[in-house]
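Atom set for the values below is all heavy atoms of this structure, side chains included, hydrogens, waters and symmetry mates excluded. Counting convention: from 1, in listed order, for ligands and their atoms alike. In this chain, residues are counted from 1 in sequence order.
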Amino acid sequence: MNKSLETQRMEKIVSLCKRRGFIFQSSEIYGGLNGCWDYGPLGVELKRNLKNYWWRVMVHERENIVGMDGSILMNRAVWKASGHEDTFTDPMVDCRSCKARLRADQVIDKKGIQQCPNCGGKDLTAPRAFNLMFKTFVGATEDESSVTYLRPETAQSIFVQFKNVLEVSRKKLPFGIAQIGKAFRNEINPRNFTFRSREFEQMELEYFCREEEGIKWLDYWLEERLKFYENIGISRAKLHAHEIPDEERAFYSKGTYDIEYDFPFGRQELEGVAYRTDYDLQQHIKASGKPLDYFDEETKQRFVPHVVEPSAGVDRTVLALICEAYDEDTAPDEKGKLETRVVLRFHPRMAPIKCSVLPLLKNNEQLVAKAKEIGDLLRPHMNVFYDETGAIGRRYRRQDEIGTPFAVTVDFETLGEKDRALQDTVTLRDRDSMKQERVRITELVSILTSRVC
Ligand code: ATP
């Protein structure tokens, strides 16, 4: 059977991620652990750029949003109150023929007959609820009294610390608390590379407001979040705001959108933007008996704020960035013959390496010394990569394949050998156009920082 172009594209992306050190299977030498991934030297830079940019635009650039960093393990009472212990479940079905364990929504319905998507078997169990939280024990005794869970979302620590953060930050409504951190879900079927993992990271904002302004802020955050994805290089045409219909929404939500992206394996959720009303704070007020409310100095009223939550996945966004960036075009090789070029067209802001520094020849001491000097000049400002091995064209290709937007080449003109006027200038190559411009070394920092920030 011919694989679809999109399947082939996804296979190339997965293979590039491993080959170039973006993403590896966790515990690979022991056969891996399903649903867990390790980020290699380039993956960790990409992920960090994404998280830093999120933090910059969501926290630092906003006067009324502060951050926090909660623990992964929390008192079990949190998960009882939030409803996760009883209802954070997916319906699960077993295929008795091939023993596959399936999410009920994966079962194929052929003219009213339910079939296993793996083997086509029709002998399936009835769906039963499977709790997605990882259970663990705190302390030395493994009994009911020591049970808790790895957090399945970061949001709950924000809700339970609402009062503390409000007091220390002295913010007035509307204001937000942001957090980036790990979350864990024992997904029935991890799949589509890192898209559905068992360990992942979330970037969440809880934006507290007055009830009468809930819908206004929901619309506002939907637009802000769509703009965010465009600003990291994801085309608007591949982003979709899907409004969740009343019957599918959580009962406490008065409006929810999924921001979806056209991955090679289909249109899938990147982020949820939900107006959660005052449900979470009220649940914790009831269960803890503590007053998680807000006092309005002007009206002298005390009330429980409502909340709008944009909740994004770091790993899913990293995957979307790689899928969006992956491209193949043609470029001339050393002899001028056209060859296929693999290029990751990352937005410079997201690119793991911003600039490569290349001496034209490896065996010329002066070229090498000058190039190393330029590497040291740039390093405090951005992540650079020094490379002296192989023909210059090959070195450009290696950088194109990992999405480095700029390359600085030190040649004989830099040394002033051909034309005194060109001494202390270098070529600056652009990854996408492959065009080169000649710039002064003294201008490099300001030119590059203005293009990569
Ligand atoms: P899905 O319907 O795909 O399971 P969800 O609606 O349960 O996702 P939320 O609870 O809204 O997801 O979590 C917010 C965000 O966290 C998601 O939009 C996604 O980016 C990320 N996320 C959730 N589950 C996973 C997972 N298993 N792997 C990677 N990221 C995830």
Side-chain angles (χ1 to χ4, degrees), residues 23 26 33-39 43 47 50-51 54 58 72 79 82-84 87-92 102-106 129-134 149-159 178-207 218 221-222 225-226 228-229 232 234 239-245 248-253 255-263 265-276 279-280 307-323:
I23 301 170
S26 160
L33 179 65
N34 202 2
C36 298
W37 301 93
D38 291 341
Y39 288 79
K47 209 178 182 196
L50 171 65
K51 289 191 283 183
W54 188 91
M58 299 294 278
I72 285 169
W79 307 112
S82 67
H84 283 83
T87 60
F88 195 60
T89 56
D90 269 350
M92 181 173 75
L102 309 161
R103 254 166 63 145
D105 62 1
Q106 293 178 288
F130 173 76
N131 195 301
L132 297 179
M133 286 197 296
F134 280 98
Y149 305 93
L150 302 190
R151 67 180 179 195
E153 61 175 34
T154 65
Q156 293 305 321
S157 55
I158 299 182
F159 295 126
Q179 177 167 212
I180 299 179
K182 288 263 185 179
F184 303 81
R185 295 183 189 178
N186 200 1
E187 297 283 355
I188 296 168
N189 253 307
R191 68 205 137 112
N192 289 330
F193 198 23
T194 56
F195 178 82
R196 188 173 297 288
S197 307
R198 288 185 166 135
E199 174 173 342
F200 55 94
E201 257 178 298
Q202 291 185 313
M203 305 182 283
E204 294 195 299
L205 167 70
E206 303 306 324
Y207 196 71
L218 173 68
W221 281 111
L222 175 65
R225 298 303 305 147
L226 286 166
F228 173 88
Y229 290 105
I232 58 173
I234 294 187
L239 290 168
H240 308 275
H242 169 60
E243 189 172 2
I244 308 294
E248 288 173 31
R249 247 185 358 241
F251 69 90
Y252 49 78
S253 170
T256 301
Y257 291 92
D258 281 353
I259 298 181
E260 299 176 328
Y261 173 71
D262 289 327
F263 285 96
F265 45 83
R267 186 173 293 180
Q268 299 280 356
E269 174 182 337
L270 276 183
E271 168 163 353
V273 185
Y275 172 25
R276 301 177 64 100
Y279 175 76
D280 304 271
V307 70
V308 173
E309 174 196 78
S311 170
V314 174
D315 309 76
R316 285 188 186 178
T317 310
V318 164
L319 187 58
L321 286 170
I322 297 173
C323 292

Okay, side chain of [X], backbone of [Y]: is any donor-acceptor separation there less than 3.5 Å?
| X | Y | result |
| --- | --- | --- |
| Arg316 | Glu271 | no |
| Asn131 | Met133 | yes |
| Asp105 | Pro91 | no |

Is it possible for you to check whether Arg225 lies under 6.0 Å from the centre of the six-membered ring of Tyr229, through NZ or CZ, and within 45° of that ring's axis? yes

Before giving the answer on side chain to side chain donor-acceptor pair (under 3.5 Å), spell out for Gln268 and Asn192 the whole-Å C-alpha distance, their side-chain angles and the decisive distance to 0.1 Å. CA-CA 11 Å; Gln268 299 280 356; Asn192 289 330; 5.9 Å; no

Which atoms of ligand 1 are found less than 4.0 Å from any heavy atom of [X]?
| X | result |
| --- | --- |
| Phe195 | 28 (N), 29 (C), 30 (N) |
| Leu270 | 18 (O), 19 (C), 20 (O) |
| Gly313 | 20 (O), 21 (C) |
| Glu271 | 18 (O) |
| Gln202 | 13 (O), 14 (C), 15 (C), 16 (O) |

Is any N or O atom of Glu204, backbone or side chain, closer than 3.5 Å to an N or O atom of ligand 1? no

In the protein, what heavy atom is nearest to [atom], and what distance, to one decimal place, separates them?
| atom | value |
| --- | --- |
| atom 30 (N) of ligand 1 | Arg316 NE, 3.4 Å |
| atom 22 (N) of ligand 1 | Phe200 CE1, 3.5 Å |
| atom 15 (C) of ligand 1 | Ser311 O, 3.6 Å |
| atom 4 (O) of ligand 1 | Arg196 NH1, 2.8 Å |
| atom 7 (O) of ligand 1 | Arg185 NH1, 3.1 Å |
| atom 28 (N) of ligand 1 | Ser197 N, 3.0 Å |

Full working for side chain to side chain contact (heavy atoms under 4.5 Å, CB included) between Met203 and Met58: CA-CA 10 Å; Met203 305 182 283; Met58 299 294 278; over 6 Å; no

For Phe193 together with Phe195, are the ring centres under 6.0 Å from each other? no

Looking only at heavy atoms, what is the nearest atom pair of Leu218 and Val273, with distance? CD1-O, 3.6 Å

Do you know the tightest heavy-atom contact between Trp79 and Glu153? CH2-O, 4.0 Å

Less than 4.0 Å is my threshold; does some heavy atom of Asp315 fall inside it relative to ligand 1? no

Sub-4.0 Å heavy-atom approach of Glu153 to ligand 1: no

Which bit of Asp258 gets closer than 4.0 Å to ligand 1, counting heavy atoms only: side chain, backbone, both or neither? neither

Should the proximity of Glu269 to ligand 1, defined as any heavy atom under 4.0 Å, be assigned to the side chain, the backbone, both, or neither? side chain

Quick one: sort the His84 and Phe88 rings into parallel, tilted or perpendicular, breaks at 30° and 60°. tilted

